2 protein chains.
Amino acid sequence: MADSDTQPSVDKPNRVRTITDLAKIAGVSPGTVSRALSGNSLVNTKTREKIEAIAREHGFRPNQMASKLRRQKTGVIGVAIPLGHDVRQQISDTFFMTLLGHLADELTERGFDIMLRRVIPAQDEDWLDRFIGSGMIDGVIVVGQSDQFDRIEDVADGYLPMVVWGNHQEGQRHCVVGTNNRLGGKLAAEKLIAAGARRLAFLGDTQPIEFAARFAGAKEVAEKMGVSIRALPTHLSRDQTSEEIAEHLSNIEGEIDGIFAATDTIAVTCLKELRDRNINVPAQLKIVGFDDLPISSQTVPPLTTVRQDIAAGAKGLADLLLRRLAGEDTESLVLPPHLIVRDSA
Amino acid sequence: MADSDTQPSVDKPNRVRTITDLAKIAGVSPGTVSRALSGNSLVNTKTREKIEAIAREHGFRPNQMASKLRRQKTGVIGVAIPLGHDVRQQISDTFFMTLLGHLADELTERGFDIMLRRVIPAQDEDWLDRFIGSGMIDGVIVVGQSDQFDRIEDVADGYLPMVVWGNHQEGQRHCVVGTNNRLGGKLAAEKLIAAGARRLAFLGDTQPIEFAARFAGAKEVAEKMGVSIRALPTHLSRDQTSEEIAEHLSNIEGEIDGIFAATDTIAVTCLKELRDRNINVPAQLKIVGFDDLPISSQTVPPLTTVRQDIAAGAKGLADLLLRRLAGEDTESLVLPPHLIVRDSA
DNA sequence: ATGAAAGCGCTAACAT
DNA sequence: ATGTTAGCGCTTTCAT
């Protein structure tokens, strides 16, 4: 008798999938539903409440894909982690993971979602263009320059909403957030020397520019102070590191009295190897790390290290990206490192 | 004279943004371009090459939003990390971050992107429905049940493509991947007892069901062997943990000779505190951890612990989710824990 | 305050 | 092998 479409409470209400379905039930137009649900414009309070009630009842959510397509905004920030040198390393590296965690906090707080993409540049030439051009993200944060400095530079000219975690080079074009690695390296070397070391070594890969800068800073101080310093290269995947460090230690037995480790992870492994050889830290050998990871205060002896403020870094990345999203061309942000003195030097 | 739209090589080629722009230039229809670019159907090789060339020349990428809207698939897996108990903890917790890293590897390899969402259930009642209903993801992996067991159960009935990392309960409805925590707890207690401990303590929060299960397993063994065991609760954020552990240690001085720590992170902190009090491990006090994080082999003494196979867990999560995406209703996957004997017990 | 209508850019029948 | 057409579900002028 009555119209069969307008019954509000059938046992199995036909699923409300679209804003149009809902509009039909509410007896209004799709436009009104859209407005009501986005809370945006001036919809009659009664109408809005009615629409909201129906939406709740049916568990309806507007399709984001359609919305984003129409509005040409995604509300998603891409986070790319390029694994340049060593495929196995960075994604499970504590430092990057911690940074990512903080980044997730910051961006979530600002209402953005995160699209995580692990990239292996060697296997995928134009990972960055593809990510940016995918139409799925409003902006991108690149975590770690790896060996992709040039590629990032290329993109930076034509694409504003990108911020990179990494090292700052004089005159670079992309916006970067990172610790002053060179200064950090200086701090480390100064501390080692002040503690009495005279024959230094830098333990770690010197290829990545962050690490290169740390080494350069240490070297500058060492040379100024008339102290020797050499590089003892390691790779980054954990399994190898132990052996490599062991080998280095055998080779330099007695020739070295101070080690500046490129990262705390390396320092911790080194500490373990030294212990196994009964070399006393800091009496026989002093050691300074970099990062100040949570473990570093728990080692034996507790590690003297150069602290990177990861939380501040994440906040900086998020802040700058949002400003760039708004059209501003921001400067890079270089954070000061802090020497944390514990017992290893 | 000639049509002014068809010039192939003007100096500043008007930006090719859509498949239709490209079609116009190539002198074909949008449909053909779509087919050519998706490499899918049988397009004339010449035509395809021409289209690909133009696309490359103009740096054109099809808009993903539009494509996904049309195809009703996103190629994105949502990864939700509920922070139930302690807002500051889990996202920077090494264990979860490592799992996330492996998950990123697995899903990327299978051609999916990851949408990361950090959720604080206390502040957002229906986080899970919202995530699923957002239309932005094809399926969801929930990393950690936290205190959201019931909410997850509710959703599981109506939503197939969901897999959860966590503990398996008899008769639960959602598909879970995780370590057999109870068995892990047994292993730990057995080891402590075999090493000579007779007065045990479980160090850690017993609220989260994973931890509760570990404790229950240990308790079962202890009772069977006529050995005492008590719980020493801690919270999860790192700053507090140290103090809490210190307090516990003061209180139980001499009353305890074996500690089963809920996680390696707790165990490492405990080891440090014990060292500060000159309590010898394992002579005076034995300790067993849980997880087998990378640090655990580097502590002094190296930590005896119950290993969770994180990589296998990540693979399991990805595998099961893909099968569910294909419509299959999969069983849960319970992974066996492994006792790793080092020097702390 | 609401409705009508025109797309956002792409894909997949259905034709040819 | 390619063109034509009709949407995917939403938002936003432009009317009223």
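Model, not experiment: these values are computed from the prediction. Lettering of chains follows the sequences in order, A, B, ..., and the numbering in each one begins at 1.
Rounding to the nearest 0.5 Å places CG of L160(A) at 11.0 Å from CZ of R323(A). Here CD1 of I114(A) is found 5.5 Å from CG of L103(A). Values are rounded to the nearest 0.5 Å.
Electrostatic pairing of E328(B) and R324(B) does not count as a salt bridge here, judged by no charged N lying under 4.0 Å from a carboxylate O. Under a 4.0 Å N-O distance rule, the pair E153(A)/R173(A) qualifies as a salt bridge. Using a 4.0 Å cut-off between charged nitrogen and carboxylate oxygen, D319(B) and K315(B) count as a salt-bridge pair. Using a 4.0 Å cut-off between a side-chain N of Lys or Arg and a carboxylate O of Asp or Glu, R130(B) and D124(B) qualify as a salt bridge.
Inter-axis angle, ends of the helix from dA1(C)-dT16(D) to dT16(C)-dA1(D), five pairs per end, rounded to 10 degrees: 30°.
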Reading nucleotides 8-16 of chain D from the 5' end, what letters show protein touch, with B for base, S for backbone sugar-phosphate only, - for no heavy atom under 4.0 Å? BBBBBB---
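The shortest non-hydrogen separation linking F131(A) to M115(A) is CZ-O, 3.7 Å.
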